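Computed from a predicted structure; not experimentally measured.
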Amino acid sequence: MKIFNELYEYNELLILNMKFRQEDMFTLAQGFTYISDLLNGKQLLKGADGEFIESYLKNLGKTDAQSQIDYLAERKVYIKKFKDESFNDYKKYSSLYVKIFFMLGVLIAVLLA
């Protein structure tokens with residue numbers, strides 16, 4: 001969830017940067033926890049999520065500014081989708097873990113009584 005959240009924010013920053021400032025991608029990534037690792041080739045996710053991020057990063061900086069803006073705007077929709085899905089999974093599984101630990105606590109209390 002955190003990785004896709006940062007990727008979404010970084011994508012927004014890149015779009016604004018391409019339109020107005022034209023700073024280096026690596027300079028912009030310094031304010032993020034995971035983006036610097038991703039830009040340096042570290043694979044943080046596996047499966048379809050990892051492949052999506054890899055293809056996204058592979059196409060950064062390969063074309064002119066206007067094409068990059070169009071590419072980033074298109075990818076924004078997909079990143080938002082992945083971000084929302086990962087947030088929903090996070091909510092679902094975090095509440096599941098709370099329920100499991102609560103039930104374990106009740107079980108231990110019953111066994112001790």
Side-chain angles (χ1 to χ4, degrees):
M1 178 187 85
K2 292 179 182 178
I3 294 172
F4 279 112
N5 190 36
E6 277 195 8
L7 189 62
Y8 183 81
E9 291 176 18
Y10 182 69
N11 190 64
E12 290 291 315
L13 185 62
L14 281 176
I15 291 171
L16 290 174
N17 183 55
M18 293 298 292
K19 290 181 179 178
F20 301 112
R21 292 191 304 196
Q22 305 279 329
E23 288 185 36
D24 184 63
M25 292 186 325
F26 296 99
T27 305
L28 294 174
Q30 289 177 353
F32 297 95
T33 306
Y34 301 107
I35 301 300
S36 297
D37 292 338
L38 291 171
L39 288 175
N40 290 326
K42 187 174 181 183
Q43 187 175 11
L44 300 176
L45 297 174
K46 299 194 184 312
D49 295 341
E51 291 173 8
F52 172 78
I53 291 174
E54 185 179 328
S55 70
Y56 170 81
L57 295 174
K58 186 171 39 171
N59 291 316
L60 290 181
K62 300 292 183 193
T63 59
D64 62 299
Q66 186 58 44
S67 298
Q68 280 293 296
I69 292 170
D70 294 340
Y71 174 74
L72 293 171
E74 177 206 351
R75 293 284 106 184
K76 177 181 174 179
V77 175
Y78 294 106
I79 293 170
K80 179 144 178 58
K81 182 183 123 194
F82 276 104
K83 178 181 139 185
D84 293 342
E85 287 175 0
S86 65
F87 181 70
N88 289 335
D89 287 344
Y90 174 77
K91 282 183 6 183
K92 178 174 66 173
Y93 291 118
S94 66
S95 67
L96 177 67
Y97 292 134
V98 169
K99 291 174 186 174
I100 289 172
F101 287 119
F102 176 73
M103 294 302 293
L104 284 174
V106 169
L107 179 64
I108 291 171
V110 168
L111 291 174
L112 291 175

Exercise. Can you tell me how far CD of Glu9 sits from CG of Leu14, rounded to the nearest 0.5 angstrom?
Worked result: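 It is 12.0 Å, given to the nearest 0.5 Å.
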
Partner set under side-chain hydrogen bond (donor to acceptor under 3.5 Å, both in side chains) for [X], not counting sequence neighbours:
| X | value |
| --- | --- |
| Glu51 | none |
| Tyr8 | none |
| Asp84 | none |
| Lys76 | Glu12 |

Problem set entry | Contact check, side chains of Asn11 and Ile15, non-hydrogen atoms, under 4.5 Å |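 Yes - at least one pair of side-chain heavy atoms lies under 4.5 Å apart.
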
For this session: Answer whether the closest heavy-atom distance between the side chains of Glu85 and Lys81 falls below 4.5 Å.
Result: yes

Listed partners of [X] passing side-chain contact (heavy atoms from CB on, under 4.5 Å), at least two apart:
| X | value |
| --- | --- |
| Leu13 | Arg21, Leu28, Phe32 |
| Ile108 | Leu112 |
| Leu57 | Leu38, Leu39, Ile53, Leu60 |

Exercise. Does Leu16 belong to the same Ile/Leu/Val/Met/Phe/Trp/Tyr cluster as Tyr10, with side-chain heavy atoms less than 4.5 Å apart forming each link?
Worked result: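 No; tracing contacts between hydrophobic side chains, which count when under 4.5 Å, never links both residues.
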
Exercise. How would you list, by chain and number, every residue that makes a ring-ring contact (aromatic ring centres under 6.0 Å, His included) with Tyr71, sequence neighbours excluded?
Worked result: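 ring-ring contact (aromatic ring centres under 6.0 Å, His included) list for Tyr71, sorted by chain: empty.
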
Problem set entry | All ring-ring contact (aromatic ring centres under 6.0 Å, His included) counterparts of Phe52, not counting sequence neighbours |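 Phe52: ring-ring contact (aromatic ring centres under 6.0 Å, His included) contacts with Phe82.
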
Seminar exercise, completed: Excluding Leu111, membership of its hydrophobic cluster (Ile, Leu, Val, Met, Phe, Trp, Tyr; side-chain heavy atoms within less than 4.5 Å) reads Leu107

For this session: List, by chain and number, the other hydrophobic cluster members for Phe102, where Ile, Leu, Val, Met, Phe, Trp and Tyr join if side-chain heavy atoms come within less than 4.5 Å, directly or indirectly.
Result: Met103, Val106, Val110

